[in-house]
Visitor: 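Here you go, one structure.
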Amino acid sequence: MTRRPAVSTDTMTQTTTQDILQHTEAGVCTLTFNRVGKKNSITTAMYAALADALQAAAQDDGVRAVVLQGDVTVFSAGNDISDFLQQPAATQDSPVYRFLHAIARFPKPLIAAVCGPAVGIGTTMLLHCDLVYAGDNAAFALPFVNLGLCPEAASSLLVPQMFGYHRAAEALLLGEPFMAEAALEVGLVNRVVPPTEANAIAQAQARKLAAKPISSLIETKRLMKKGQAALVAQQMTEEGAVFGRMLGEPAAREAFTAFMEKRKPDFSQS
Ligand code: COA
C-alpha cells in the first residue's frame, strides 16, 4: 500500500505537499482532498496535482478505476478564494482547465464519495464522475451568481440536462445549497449513506469495477459519453472565457473580498 502526496510545490496560498493524497491499491487509485483546515478548497497547485494524477492514471495499466474523496466533514469548498483574488484569470492551459479537461475526458471509471459541503467545482466535478456516493450530511452548492461569476465545468449544459431546466435554474440562479436527498432525486448522486460509510462504499464499488474487463469499461464509458463530448468541451471553453472576464469585474472582487473579510457582500455598486 502506498500513500503519497501528489502535490510537490508550495504556493502563496500555502498549499502543502499533503493537500492531495494519492494511494493506489488493487487497481484503484484514490485521490483524497486533504486541506481540511481550509475546507478542502482547491489551490492552483492542487489542480495541477489532480490533473497530473488523472493523466497518469489514464495511462497506467495498473489503474483500472479512480476514486475522488474528501473528509467525512467536508468534500470541497471549491476554488480557493484567495487564489481567485491573487491570480490572474486562468487560461485554457492553466491547472484548473487541465483538471477540468482531464476529468471530463477521463476514460476509466471515476467514482466520488462526497460528505459535507461540496461547493462550486466541488459539485461541478461530480457531473463528470460515473458514480457518486453521498453521506447524508452532503450539502451541494453552485453559488456562481452569488460570487459575481458564471457556471464552469460545462455545468451550464450538464445541470439543466440532469436536473431539468427549472430545478437547474433554482440551483444555478439562486445558488442555494441542496442536501443529499435532493441530489439523489435529481440524479446527481447514486446513493445516500451514513457519512462514515461513503468512502468505503465508493472504494468497494471501484474494486468491483476494477475486477471487470478494462477494455469493456472504457468502450462502454466512451460510447455513453461520445454523443456530447464535443459539446461539453465547447461549453467549457465558452464558460471559461466568460468566467475569466467576470473574475476581474467589481461584483466578483466584492464577493471574494467580503468572504475573506467574513462579511456579507454589497452588490449595490456592481
Ligand atoms: N477558499 C479559501 N478559503 C476557504 C474557502 C475557499 N473556497 N472555503 C473555506 N475557506 C476557509 C475559511 O476562510 C476559513 O479559514 P480561516 O479558518 O483561516 O478563517 C476556513 O476555511 C473554515 O471556513 P469557514 O467558512 O469558517 O467554515 P464553515 O464550516 O463555517 O463553512 C463553507 C464552510 C464551505 C460553507 C464555507 O467555508 C464557504 O461557503 N466557503 C466558500 C465556498 C465558495 O464560495 N467557494 C467558491 C466556489 S466558486
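Just follow the structure's listing: the first ligand is 1, and inside any ligand the first atom is 1.
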Visitor: Please lay out, stage by stage, how Glu254 and Gln269 fare under the test side-chain contact (heavy atoms from CB on, under 4.5 Å).
Guide: CA-CA 9 Å; Glu254 166 58 13; Gln269 303 304 313; over 6 Å; no

Visitor: Answer yes or no for atom 16 (P) of ligand 1: protein heavy atom present at a distance under 4.0 Å?
Guide: yes

Visitor: Check this for me - ligand 1, Ala77, N or O atoms closer than 3.5 angstrom, yes or no?
Guide: yes

Visitor: Is there a polar contact between ligand 1 and Lys262, counting only N or O atoms under 3.5 Å apart?
Guide: yes

Visitor: Backbone, side chain, both or neither: what part of Asp80 comes under 4.0 angstrom of ligand 1, heavy atoms only?
Guide: both

Visitor: Report yes if the side chains of Phe256 and Asp83 come closer than 4.5 Å at any heavy-atom pair, otherwise no.
Guide: no

Visitor: Based purely on interatomic distance, does Asn79 place a nitrogen or oxygen under 3.5 Å from a nitrogen or oxygen of ligand 1?
Guide: yes

Visitor: At a non-hydrogen distance cut-off of under 4.0 Å, which region of Leu147 contacts ligand 1 (side chain, backbone, both, or neither)?
Guide: side chain

Visitor: So, Thr73 and Asp71: side-chain donor and acceptor under 3.5 Å apart, yes or no?
Guide: yes

Visitor: Are the side chain of Asn137 and the backbone N or O of Gly116 linked by a donor-acceptor pair below 3.5 Å?
Guide: yes

Visitor: Name the one of Leu131, Val28, Ile214 that satisfies side chain to side chain contact (heavy atoms under 4.5 Å, CB included) with Leu209?
Guide: Leu131

Visitor: May I ask you to check whether Gln228 and Gln161 show a side-chain donor-acceptor distance below 3.5 Å?
Guide: yes

Visitor: For atom 2 (C) of ligand 1, is there a protein heavy atom at a distance under 4.0 Å?
Guide: yes

Visitor: Between Leu217 and Arg64, is a side-chain contact (heavy atoms from CB on, under 4.5 Å) present by the stated rule, with each step listed?
Guide: CA-CA 9 Å; Leu217 291 171; Arg64 300 163 75 92; 5.7 Å; no

Visitor: Within a distance of under 4.0 Å, is there any protein heavy atom near atom 48 (S) of ligand 1?
Guide: yes

Visitor: Please work out, at 4.0 Å between heavy atoms, whether the side chain, the backbone, both, or neither of Ser41 comes within that distance of ligand 1.
Guide: side chain

Visitor: List, by chain and then residue number, the residues other than Val119 in its hydrophobic cluster (Ile/Leu/Val/Met/Phe/Trp/Tyr, side-chain heavy atoms under 4.5 Å); write none if there are no others.
Guide: none

Visitor: For ligand 1, which atoms sit closer than 4.0 Å to a heavy atom of Gly37?
Guide: 20 (C), 21 (O)

Visitor: Is at least one protein non-hydrogen atom found at under 4.0 angstrom from atom 40 (N) of ligand 1?
Guide: yes

Visitor: Between Met260, Lys39, Lys38, which one has a non-hydrogen atom sitting closest to atom 23 (O) of ligand 1?
Guide: Lys39

Visitor: Are any of the protein's heavy atoms under 4.0 angstrom from atom 32 (C) of ligand 1, yes or no?
Guide: no

Visitor: Just by distance, no angles: are the side chains of Glu152 and Thr124 close enough, under 3.5 Å, to form a donor-acceptor pair?
Guide: yes

Visitor: Just need the protein heavy atom nearest to atom 12 (C) of ligand 1, so name the residue and atom and give the distance.
Guide: Phe259 CZ, 4.1 Å

